[in-house]
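Throughout, a chain's letter reflects where its sequence line sits, starting with A, and its residues are numbered from 1. Only heavy atoms go into these numbers, but all of them, side chains included; no hydrogens, no water, no symmetry mates.
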Amino acid sequence: MITYSHGVNGEPVTIFVPETDGDLRTFMDWARSQPVLALDTETTGLDIFASGYRLRTVQFGTTREAWVIHYELGGRFVEAAQYILKRCPRFLIHNAPFDWLVLDAHANIPLESMAPRTTDTKIKATLIDPRQPQEGGIGTGLKPLSAHYVDPQAPDTQGDLTAVFRSLGLTKATGWAGIDLRHPTYNLYAGLDVIYTARLNPVLDAEHERLGVRPALVDYEHEIAHMCAHMQRAGLVLDLEYVDTLRRMLREEEEKYLTVAARYGVDSVNSGAQVSEALLAMGETLTEQTDGGALKVDKAVLLPLADLDRDWVSIGARAPNPLAEAVLRAKRAGKWVTSYADKFAANVDPNGCIHPTINTLQARTGRMSITGDFAAQTLPSSDWMIRRAVVGDHPDHIFGSVDFQAIEMRVLAALADVKRMKAGFCDPDPDPTLYPDGFDIHMYTARLIKGAAATGRDRKVFKGAGFGKVYGGGISTIARQTGATEAEIARAVAEYDRVFPEIKRASSRWQREARATGMVTVSVTGRRLPLDRHRAYAVVNYQCQSAARDVLGQAMINMRDAGLLEYMKLPIHDEIVFSAPKSDAKDIAREFERCMTMDLYGVPVTAEADLGAHSWGSLYGAAA
DNA sequence: AAGTTCACG
DNA sequence: ACGTACGTGAACTTT
């Protein structure tokens, strides 16, 4: 047995690294009697589903000691780790979804077995403060949390190991796979991580108590994390033949327009300086500036120069500038091939699946994000081309999606108790001649203000005003977004405030509360939402975005309880994407709608399903 | 590492 | 009194 003595917050701790069968028996005798163990794994990297991926080490610990089990050695080491993994009633894990999926894929310990026994200290910490240190927060990594809550002298275990990797001629990318399991720094830090996790947990509990973070919210977040890990494990099936075609086509398109751009002296279309210089030389005038003071040459600037509207359709207002068009097309093809098509091909697993990394509590508002191999929340939606690469789980499956209807506006009506808005949403039988596609809050508002004569343009203006309320936008921004004049918007916003006076009152109240509590506002679920001092106006948006996220979270729990988890593929803010057998798809879609239908403080929250064909792209236009 | 652009809800 | 559209992830260029 190798042992390391170390100090944590002035107290001695011991790290044990078993070497023999006898050492492993001592470990098991100790671990068997522990009601709760902190747990961590070390692996060859982050790409859990790639071939050749290995689980190297599993660590177990308490506030006083840690045991570092080298799983990679096989035999009795594997047996000992699995014995405790199956048996211990409760685990503390920092960022549990990663370790759940590692153990599920590489240690034969199912997610379904681990998740109900897990407390995730990252979830607890994020509910206290979701901000990273750069944003003025504590951070949500084990290192900043340990330094803040446990021991100011806590080492940067990951950072220091990276330095060790370099001294061994390895890199951050190769070090985790290449470091010798006997390396003392590797073993010491592997052990310290679980000791810090064990010490973090009671401090976080005390903070929750002090700040009023509800235990029900903690449980709810664990359930959401479990469901999202389930979706990550399943992944999405790719049509690899199509991915290859897509890559070829987009590269050709890019090349074609790069050649055109080069004729005008632009050899890098992504260089704003080159593009603006060449356009000026062609006699174009550029007026908009970037925050940094350079001339702006983004899509919004280039489209009019190319005589194209926002949907890239020819306007006929001027002679198109060939360079502007070439830059637009080359940049779009380039982005689509590198950010999407190439990444699909590079990250596909041996079964032809791609796995999203779902961060269930990423944004300050609690919103989820999807990062890494497959940023599925940000695939182009204006065209089916990219999403066409993703297909149903089985040949007889089709893709579907269920969206909340105008969720931000409904949440606003509910939270601010907006009487006339609520009355509109609550109308059980909206006149189909007025609302042929179902009730529409923006047309409702237009009619409330303009009467029966309200037009589609009125609708657009009041939709802008509504979004301005939800986002906290000013008159000029709303005008720019809607294309209406500032005078028109100013009048519309004033009328909006007249018919929905509760919004302004709620906004003032929330801003006052936020300031009084140090610019941290508390959502309806008790979630703490840190708000920058100079951005108090954003409190309405924080409340709405956060409540909408929690409504989706509740809907996801309803879906799981209804047996729909196996069909769920992705959460996308106000939408769930699913893959289901074609023969049952209509019934399944109805079930999804039912799970997303609920009441929020007297406002009905509703959802509508859309069924496509075999590919995800089929929901976005003409693809098969 | 910062700045710019572009993809999403 | 004034004025701020909200939240993300990722690639590429320039520094």
Kindly point out which of [options] is positioned nearest to the side chain of [X]?
| X | options | answer |
| --- | --- | --- |
| A:Q545 | B:dT5, C:dA11, C:dC6 | C:dC6 |
| A:K299 | B:dC6, B:dG9, C:dT14 | B:dC6 |
| A:T378 | C:dT14, B:dA7, C:dC6 | B:dA7 |

Is [X] close enough to [N] that one of its side-chain N or O atoms is under 4.0 Å from OP1 or OP2 there?
| X | N | value |
| --- | --- | --- |
| A:T365 | C:dG7 | no |
| A:Q377 | C:dG9 | no |
| A:K331 | B:dC6 | yes |
| A:T338 | C:dA11 | no |
| A:K343 | C:dA11 | yes |
| A:S339 | C:dA10 | no |
| A:S381 | B:dC8 | yes |
| A:S271 | C:dT14 | yes |
| A:Y542 | C:dG7 | yes |

Round to the nearest Å and state the distance from [X] atom [atom1] to [N] atom [atom2].
| X | N | atom1 | atom2 | result |
| --- | --- | --- | --- | --- |
| A:Q481 | C:dC6 | CD | P | 11 Å |
| A:D610 | B:dG9 | CG | P | 13 Å |
| A:I576 | B:dC8 | CD1 | P | 19 Å |
| A:D298 | B:dA7 | CG | P | 10 Å |
| A:H534 | C:dC6 | NE2 | C1' | 13 Å |
| A:I370 | B:dA7 | CD1 | C1' | 13 Å |

**Item:** Watson-Crick or G-U counterpart of B:dA7, or none if no pair lies under 3.5 Å
**Value:** C:dT8
**Message:** With a 3.5 Å limit on both atom pairs, tell me what B:dA2 is paired to, counting Watson-Crick and G-U wobble, or say none.
**Reply:** C:dT13
**Message:** Heavy-atom nearest nucleotide on DNA chain C for A:G372 versus A:R535: which residue maps closer to 5'?
**Reply:** A:R535
**Message:** If you assign each of A:G468 and A:E135 to its closest nucleotide in DNA chain C, which residue comes earlier from the 5' end?
**Reply:** A:G468
How is [X] classified with respect to the nucleic acid when contacts are heavy atoms under 4.0 Å: base, sugar-phosphate, or nothing?
| X | value |
| --- | --- |
| A:L379 | sugar-phosphate |
| A:V470 | nothing |
| A:F467 | base |

**Item:** Parallel, tilted or perpendicular: rings of A:F49 and A:H355 (30°, 60°)
**Value:** parallel
**Prompt:** Would you call the rings of A:F578 and A:F592 parallel, tilted or perpendicular, where under 30° means parallel and over 60° means perpendicular?
**Reply:** parallel
**Heavy-atom check, side chain of A:L564 versus side chain of A:C595, under 4.5 Å** = yes
**Side-chain touch A:R528/A:L127, heavy atoms, less than 4.5 angstrom** = no
**Message:** Can you see whether A:Y542 has A:R364 sitting over its ring - NZ or CZ less than 6.0 Å from the centre and within 45° of the normal?
**Reply:** no
**Lys/Arg cation over aromatic A:W510: A:R505, 6.0 Å, 45° cone** = no
